[in-house]
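Below you'll find the structure, written out as structure tokens, and then a few comments.
Indexing begins at 1, ligand by ligand and atom by atom, following the structure's order.
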Amino acid sequence: MNRHRPSFPFLAAILAVMGSAIFQACAPEPGAPVEIREGSSPDRLWYRRPAADWNEALPVGNGRLGAMVFGHPGREKLQLNEETVWAGSPVDNNNPGALDNLPLIRQALFAGDYGRASALAEKHMLGTPPRVRSYQPLGDLLIDLDGVQAGSGYERALDLRDGLASVVCETPDGITVTREVFASAADDVLAVRIRAGRGARISGSIRLTRARDATTRTASDTELVLAGRIIDKADPLSGPGGEHMRFAAALAVRTKGGRAKADGEALRVDGARSVTILLAAATDYDPARLDFDPGADPAGKAVGTLARARRRSYGELRARHVAEHRALYDRVSLDLGGPSDAGAVPTDERLARVQAGAEDAGLAALYFQYGRYLLMGSSRRPAALPANLQGIWNRDFEAAWNSDFHTNINLQMNYWPAEVANLSETVAPLADFLGRLTVPGAVTARKTYGARGWTLHHLTDPFGRTGVADGVWGVSPMAGPWMTFPLWDHYEFTGDTAFLRDVAYPIMKGSAEFVADFLVPSPGGWLVTAPSHSPENAYIDPKTGRAESLTYAATIDVEIARALFENCRRAAGLLGVDAEFAARLKELEKRLPPLRIGRFGNVQEWIEDYGEAEPGHRHMSHMLALYPLAQISPETPELFEAARRTIARRLEHGGGQTGWSRAWIVNFYARLLEGEAAYRNLLALLRKSTLKNLFDTHPPFQIDGNFGGAAGIAEMLVQSHRGFIQVLPALPAAWADGRFRGLCARGGFELDASWRGGRIVELRVRSKAGGRLRLADPFAGGPVEVAGADPAEARPRDGMIEIATRPGQEIVYSTTTSSAKSQALPPFPKCQSGTAPRDLARTRTNLARRGAMPAENSLTTMSAS
Ligand code: FUC
């Protein structure tokens with residue numbers, strides 16, 4: 001059987017025409033051979049073999065509930081996750097000796113006695129226990145199917161647009177058996193559907209297992225319940241032992257024809273034409289209190305959710321899921337050109353070709369969309385927690401770095417694509433979590449630093465651990481303030497003042513209060529953070545020649561403090577509150593040390609121009625000013641040049657070793673307006689740090705590189721941090737022809753662009769919030785046609801377009817050259833109309849309430865040009 005070549009000539013002809021139209025749309029290479037197969041859809045990962053290991057399995061997720069789908073023909077394994085299944089328990093890890101010893105530590109730092117400062121901090125600041133426990137898997141769903149094998153038509157795939165994983169296998173008689181898996185945010189269940197072709201029957205068994213701390217029982221002939229409680233062994237390094245998190249999964253099976261019956265701990269299905277499996281899960285975690293809820297009934301909750309979902313047919317559940325998923329996913333399309341038949345090559349082979357030195361622009365576009373898919377899958381409501389180091393996908397009971405929330409680059413990076421890639425709602429679980437962390441964070445601020453406000457250090461867990469963790473390198477009190485930036489970004493991109501007032505500003509203000517109290521005068525007369533770190537990096541102590549890491553006023557701290565104060569002042573001004581506080585922040589800001597240029601012409605990483613212990617270190621924290629902050633830009637030419645040298649020097653010394661580090665470099669080069677260098681590093685990310693399922697690998701798998709890489713691709717196409725929007729600011733030659741739809745810019749603008757030979761052919765700008773548009777002339781002074789606004793006003797002047805917009809207004813710029821016009825690309829597939837997500841609806845209502853936009857104005861509907 002060959003599923004990919006239609007057997008009827010007529011159908012083949014139609015499909016060939018349709019297929020070539022799609023290919024034309026994706027990669028304009030006239031005459032390129034087109035093979036018609038399902039794998040040719042651009043937003044799709046697909047494979048000819050089952051997953052050999054976890055790093056080849058395919059993820060589905062609804063924000064809180066996830067599965068890795070392996071696709072073995074006769075034994076499907078879905079490795080399950082529920083985002084709140086964590087070992088550990090709430091612990092106040094603040095070191096009681098911190099505050100008394102803080103003056104001594106500061107004294108030692110200011111006297112240049114770094115070794116002593118470090119020893120004191122190790123003893124008096126490090127938390128007890130120093131470590132958090134791990135995020136854990138929920139279990140495995142195992143489906144054994146009698147007599148099913150790979151067959152010649154075997155294929156497994158992940159359709160990113162629909163959020164569907166699928167597997168196609170065969171019976172020995174060549175009958176096709178298909179499986180489909182999705183995680184529905186609309187109904188909060190995982191769904192699996194198995195069907196056999198030509199009226200064939202399906203038989204097999206279904207089990208739910210977990211290697212630790214749980215048991216499974218059959219609740220009826222069609223239901224399984226797995227329930228358990230995590231038992232932690234007492235460990236001085238990670239906390240008290242005991243019976244902690246309670247969790248449960250409830251599963252129901254529905255058959256068409258045939259029958260299901262309980263069989264020991266499993267369910268047995270015989271002679272069914274189709275089988276549908278639904279699974280819901282819950283724990284006793286109470287996000288509001290960052291604690292267990294003793295009154296919670298996880299099994300009851302899972303069974304309840306399942307019961308609601310069971311009232312719907314599979315078709316209904318699927319349709320609701322696809323509509324909800326597409327309402328977010330379809331806002332953005334990306335076509336970067338590339339070989340027209342690339343999608344007809346399985347994803348692992350495609351990646352292998354790139355890893356062997358080939359280039360594949362379509363794979364970069366797929367990586368970008370996969371980043372969006374993963375962010376939707378690991379951080380959208382109903383999620384209660386933000387995306388952790390592995391999003392929500394983790395198979396290990398003791399995961400690498402506990403699969404926790406690392407806040408010295410990783411959690412921040414997870415949210416870099418959220419706004420620009422038009423997935424604003426994914427910030428909601430992060431904002432919720434940060435709001436809750438301000439409670440234990442205030443205890444840490446007070447007990448450790450005698451400061452008001454709140455903070456946290458370089459990692460945390462769902463139980464709100466905010467004291468110093470891991471080791472002396474964990475003394476990073478500015479990690480809390482750093483975490484406020486995604487909230488400010490959310491405001492800048494959406495113009496949602498209700499969010500700013502009710503959610504972001506209180507968190508930002510508390511953070512600024514902390515920093516204001518934490519700053520102390522240095523011997524050099526500046527206001528500085530002390531103690532401080534440049535995350536995980538070390539310098540050479542000029543006195544002892546030893547590598548030290550504890551310092552005061554590491555450059556990153558100064559950048560964070562300045563950005564936080566500026567954001568707070570702007571927010572206070574916008575909201576008409578706290579004028580005095582804002583004025584005070586302005587005064588403090590003036591006394592912060594400046595950014596300085598060091599001996600290598602680089603941006604200085606520490607308060608002194610120390611020697612570097614590891615010149616190629618993976619962290620490039622002082623470059624925060626270049627990306628994601630906007631303190632270094634072409635408007636600061638010396639620092640801009642120094643930033644270029646800083647990154648070049650890191651790379652010369654072997655930098656960018658980890659996925660996230662490489663992804664950050666892509667963003668840096670995009671901000672340096674060096675498309676070729678950004679592209680080279682993106683290729684390096686794909687070549688050195690990408691697994692077969694396109695997961696980023698640190699190693700091992702860590703999701704930040706996926707998100708940082710997606711953000712980097714967006715940053716090469718659109719930037720808006722300099723007070724105006726730039727389209728194609730860092731376009732490499734390899735992406736000479738392409739187009740995107742739906743990328744976002746600060747000020748509440750959404751953009752579509754198509755380009756040929758690196759030149760814009762058409763640009764559409766949609767104003768969501770009715771703000772003033774400032775856009776660098778994308779036509780570089782060339783002739784341009786304007787529609788959707790008064791051309792006299794909207795035309796570029798002196799390299800800039802500047803015009804007041806109305807909410808909902810779309811302005812279309814197109815080149816007037818007829819040759820370019822005739823090459824205009826055909827439309828992207830039309831957006832599906834879907835249910836507007838709750839947060840988006842809220843944003844819209846807020847804007848409407850302010851009179852900024854009509855309530856009905858759709859932020860999601862984009863007509864194909
Ligand atoms: C930071 C990085 C490591 C790793 C860990 C989870 O500490 O320095 O490389 O990514 O987070």
Any nitrogen or oxygen of Thr658, main chain or side chain, under 3.5 Å from a nitrogen or oxygen of ligand 1? no
Between Thr646 (side chain only) and Val603 (backbone N and O only), is there a donor and an acceptor less than 3.5 Å apart? yes
For Asn410, which part has a heavy atom under 4.0 Å from ligand 1: side chain, backbone, both, or neither? side chain
Tell me, which protein residue and heavy-atom name are nearest atom 8 (O) of ligand 1, and how many Å apart are they? His619 NE2, 2.5 Å
Which ligand 1 atoms are under 4.0 Å away from a heavy-atom of His698? 3 (C), 4 (C), 9 (O), 10 (O)
Say whether Trp660, considering both its backbone and side-chain N or O atoms, lies within less than 3.5 Å of an N or O atom on ligand 1. yes
Under-4.0 Å salt bridge between Arg650 and Glu652: no
Can you say whether the rings of Trp401 and His698 are parallel (under 30°), tilted (30 to 60°) or perpendicular (over 60°)? tilted
Below 4.0 angstrom from a heavy atom of Asn408, which ligand 1 atoms are there? Numbered from 1 as shown, please. 1 (C), 7 (O)
Tell me whether the rings of Trp660 and Trp664 are parallel (<30°), tilted (30 to 60°) or perpendicular (>60°). tilted
Steps toward ring-ring contact (aromatic ring centres under 6.0 Å, His included) verdict (Tyr114, Tyr539): CA-CA 11 Å; Tyr114 305 125; Tyr539 58 90; 5.5 Å; yes
Check whether NZ of the Lys or CZ of the Arg Arg106 lies under 6.0 Å from the centre of the six-membered ring of Tyr552 and within 45 degrees of that ring's axis. no
Going by distance only, is there an N or O of Arg618 that falls short of 3.5 Å from an N or O of ligand 1? yes
Those atoms of ligand 1 less than 4.0 Å from some heavy atom in Leu389: 6 (C)
Report the nearest protein non-hydrogen atom to atom 7 (O) of ligand 1: residue, atom name, distance rounded to 0.1 Å. Glu536 OE2, 2.5 Å
Please determine which of Asp557, Leu519, Val528 meets the side-chain contact (heavy atoms from CB on, under 4.5 Å) test together with Leu592. Leu519
